[in-house]
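Beneath this line is the structure, given in structure tokens, with notes to follow.
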Number of protein chains: 2
Amino acid sequence: MDLGVGELGTPGNSKPHQPSGQISHLALDIGGSLIKLVYFSTSDDVDDETGRSATESLSVYNGNKKYPVLKGRLHFAKFETTKIYDCLEFIQKNQLHLGGCQHLEASPIDKAVIKATGGGAYKYADLFQEKLGICLDKEDEMDCLVAGANFLLKGIHQEAFTYMDGQKEFVQIDHNDLYPYLLVNIGSGVSMLKVDGDGKFERVSGTNVGGGTFWGLGRLLTNCKSFDELLELSHKGNNRVIDMLVGDIYGGMDYSKIGLSSTTIASSFGKAISDSKELADYRPEDIARSLLRMISNNIGQISYLNALRFGLKRIFFGGFFIRGHAYTMDTIAVAVHFWSKGEAKAMFLRHEGFLGASGAFMSYGKCGLDDLMVQLIQQFPFTASPAGDT
Amino acid sequence: MDLGVGELGTPGNSKPHQPSGQISHLALDIGGSLIKLVYFSTSDDVDDETGRSATESLSVYNGNKKYPVLKGRLHFAKFETTKIYDCLEFIQKNQLHLGGCQHLEASPIDKAVIKATGGGAYKYADLFQEKLGICLDKEDEMDCLVAGANFLLKGIHQEAFTYMDGQKEFVQIDHNDLYPYLLVNIGSGVSMLKVDGDGKFERVSGTNVGGGTFWGLGRLLTNCKSFDELLELSHKGNNRVIDMLVGDIYGGMDYSKIGLSSTTIASSFGKAISDSKELADYRPEDIARSLLRMISNNIGQISYLNALRFGLKRIFFGGFFIRGHAYTMDTIAVAVHFWSKGEAKAMFLRHEGFLGASGAFMSYGKCGLDDLMVQLIQQFPFTASPAGDT
């Protein structure tokens, strides 16, 4: 089974990939900015883009016991929440909401009940009922984030990695030494959860300066039409044009007595106080970079302070804000490194944006609906193995 | 002696008040955005605006011992750093840099050496030398902040107050139970210092999201011409137009399980992600309010996390960002209250913007220059008494 993030439903431009084969267990995470979908398919077709077989298999272990092989694939897709009608059309067209679990010969679902989490599971419940006849079965957002993170961290090989100076390094997670950890989910806003075990957690903090702030302020300050365009812009920018550095205040000198180098940002956007320049005089690239750095650094700092508070050594960052963007991860990692004086490390997740949706997907297992979920959930730990390893 | 903040040199509009009488001990704090001046005068004139006598007197106590009365007044003034030539002209015109200590018959200063702190003491040293023949005697910025805060907190009656729900409440500071405390100075950037005594402190944290960020981003997003205009605008705004609230995500509902009401800000500027509105479609008032709330809340949160880390019960907020602005103080106080679940309290200072300059002023005493400083510094605590109380 392949758990690679399918680049389906990229907001604003490309159309989602249409899965073939039997589909089951659609789960939704409807946030303030994005709708994330996870579902399972039993397709035997060949991938359009890579030409590789999309049918892969999963051997499920529990200790030394090997369970039957699951054939199929998990799919990940996303839509902007403001484009919810595109999402409804995608679900309808691909009949994502009707799939039972035929390949495992489990009992079909009596009516279209779909697991959903995030605030939109409440906000859009009537819309899903009206347009698709779907009843959204609401799962708590924090429960899903934690269940999704635990699922990914324990179940997926090379899920977590560190990022520093452009180097990605995968971290081998010891299942017996995973807890406790701090989970930082950066969506529109940011939630910080102290996770002590399966279903054992507390939301200890958060910040309202998150992905929605980056994209909202970014839209107002630049002419970007999408979040990804803004991220791409930031890659080319130079924040020193607009940020006030320690050296700008100290005439090019460090403030070494308190450990601040001349290039440390003293005040984000602090140079923009100058009378001589208007918004149009700044390059959007530089604005985007300053904004990204301000927000990533702030999240890194608040995360570290919370990890410190509870003595947590590991901080995992998830949420769609990150989007695998090198500079974002670098800034967060540097912030954690800076504030912890090198004692704490930021870690990232390959399936960062789908923690909540994955958790909602896993919650099918709680209802004992079919063997697929029972195998996926109850028989942790499992290893994902490539096709042919049966 | 009156320690009220003279509304001198308000950036952008009014001209500074010109003191009469003998002037001494000019001290400067040259920051990234503002230059703050503190100096002493022995004037006997009548205040232009209030008609009250500007000559007041100070009885200095140390325990039960009463020291000679000091007649005179401390002056506070500020200029924007970008308008440093206005500041030089003000100093020159009023001969602030030449005043000895004639009224106390101390020895005159041999050459014009002025105590200065902040990064600009380094950056603009040559300019002061060239234009006014002044040698800036550099004092460490953090040392000055702490010396200034201790001076104000111990020496000035009703210096500290709490602010909540529009109510200002003065806090009586017990001199024997002042330490330790967290000092948060919000200038262009923000410094957070754990203060354990006179000259005993550590800079434990800070954030680059500060006053320069508010004013810099505010200038780019609105047409405001001054920091004060932006603050004034924010007073009339409604951040809910542009911030994404929990209720916006949850269809008007609270997320009560984790203690978030529907009106909690989930994502600052999160509503601005909408395709349907451009910058010009938002009222500057609403933008200013959202920005102020984002930054004040963030500072309040990071401050609280640092206070918690060191078990500090008192957090004093200073720096020119606050400017006695009700909504700013309210937001910071609410943030500290929210994150500490009511266990910590934010406190503010009447002379908030002049901590560093006051500290630089106090540093004259270290050189044993004259009786004024000896009395002010060595004979703590003292009480400021109104005119005639001699």
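Within every chain, numbering begins at 1; the chains are lettered A, B, ... in the order of the sequence lines, protein sequences first and strands thereafter.
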key: B:F214, part contacting chain A, at a heavy-atom distance under 4.5 Å   = neither
remark   = When the 4.5 angstrom heavy-atom criterion is applied to B:K271 and chain A, the contacting part is neither
inquiry  = If you count heavy-atom pairs within less than 4.5 Å of chain B, which of A:T82, A:I30, A:L217, A:V209 leads?
reply    = A:L217
key: Under 4.5 Å from a heavy atom of chain A, the part of B:N297 involved   = side chain
inquiry  = Which atoms of B:L245 are under 4.5 Å from chain A, going by heavy atoms: the side chain, the backbone, both sets, or neither?
reply    = neither
query = Do B:N208 and A:S268 have side-chain atoms, one donor and one acceptor, less than 3.5 Å apart?
reply = yes
remark   = The interface call for B:S205 against chain A, heavy-atom contacts under 4.5 Å, is both
ask   = Is there a side-chain contact (heavy atoms from CB on, under 4.5 Å) between A:T213 and B:M244 once you walk through the steps?
value = CA-CA 9 Å; A:T213 311; B:M244 185 186 282; over 6 Å; no
ask   = Most heavy-atom pairs under 4.5 angstrom with chain A, which of B:E141, B:E202, B:M253, B:K225?
value = B:E141
inquiry  = Let's test your reading of the structure: which of B:G216, B:G251, B:G259 forms the most heavy-atom pairs below 4.5 Å with chain A?
reply    = B:G216
request  = Using the test side chain to side chain donor-acceptor pair (under 3.5 Å), find all partners of A:K123 that sit at least two apart in sequence or belong to another chain.
outcome  = none
inquiry  = Taking B:R219 first and then A:E278, would you say they form a salt bridge - that is, a charged N and a carboxylate O separated by under 4.0 Å?
reply    = yes
task = Just give me the residue among B:G118, B:G252, B:A125 that pairs up with chain A most often, heavy atom to heavy atom, under 4.5 Å.
result = B:G118
query = Which residue out of B:I287, B:D248, B:T264 racks up the most heavy-atom pairs below 4.5 Å with chain A?
reply = B:D248
message = Give me the atom names and distance for the closest heavy-atom approach of A:S267 to B:S188.
response = OG-O, 2.9 Å
task = Please say whether more than 12 non-hydrogen atoms of neighbouring residues, nucleotides or ligands are located less than 6.0 Å from CG in B:N223.
result = no
key: Closest heavy-atom pair and its distance - A:L221, B:L220   = CD2-CB, 3.9 Å
key: Residue among A:Y122, A:Y255, A:Y124 with most heavy-atom pairs under 4.5 Å to chain B   = A:Y255
inquiry  = Tell me whether A:K138 at atom NZ has more than 12 heavy atoms from other residues, nucleotides or ligands lying less than 6.0 Å away.
reply    = yes
ask   = Cut-off 3.5 Å, side chains only: do B:N298 and A:N298 have a donor facing an acceptor?
value = yes
query = CZ of B:R309: more than 12 outside heavy atoms within 6.0 angstrom?
reply = yes
query = What residue in A:S276, A:A272, A:G218 has the most heavy-atom pairs under 4.5 Å with chain B?
reply = A:A272
task = Look at A:G210, A:G206, A:S33 and state which one has the largest set of heavy-atom pairs under 4.5 Å with chain B.
result = A:G206
inquiry  = Does any backbone or side-chain atom of B:M142 lie under 4.5 Å from a heavy atom of chain A? Answer side chain, backbone, both or neither.
reply    = both
note = Max heavy-atom pairs within cutoff under 4.5 Å with chain B, candidates A:N306, A:V190, A:L305, goes to A:L305
request  = Could you check B:K257 against A:D143 for side-chain contact (heavy atoms from CB on, under 4.5 Å), going step by step and ending with a plain yes or no?
outcome  = CA-CA 11 Å; B:K257 188 176 170 186; A:D143 287 346; 3.2 Å; yes
query = Quick one: are A:I273 and B:E80 in side-chain contact, heavy atoms under 4.5 Å?
reply = no
inquiry  = Does any backbone or side-chain atom of A:F227 lie under 4.5 Å from a heavy atom of chain B? Answer side chain, backbone, both or neither.
reply    = neither
request  = Identify which part of B:I265 has an atom lying under 4.5 Å from any heavy atom of chain A, answering side chain, backbone, both or neither.
outcome  = both
note = Comparing A:G247, A:G212, A:S290 against chain B, the one with the most heavy-atom pairs below 4.5 Å turns out to be A:G212
key: More than 12 heavy atoms from other groups under 6.0 Å of CD on A:E343   = no
message = Given heavy-atom pairs under 4.5 angstrom as the criterion, report whether the side chain, backbone, both or neither of A:L260 touches chain B.
response = side chain
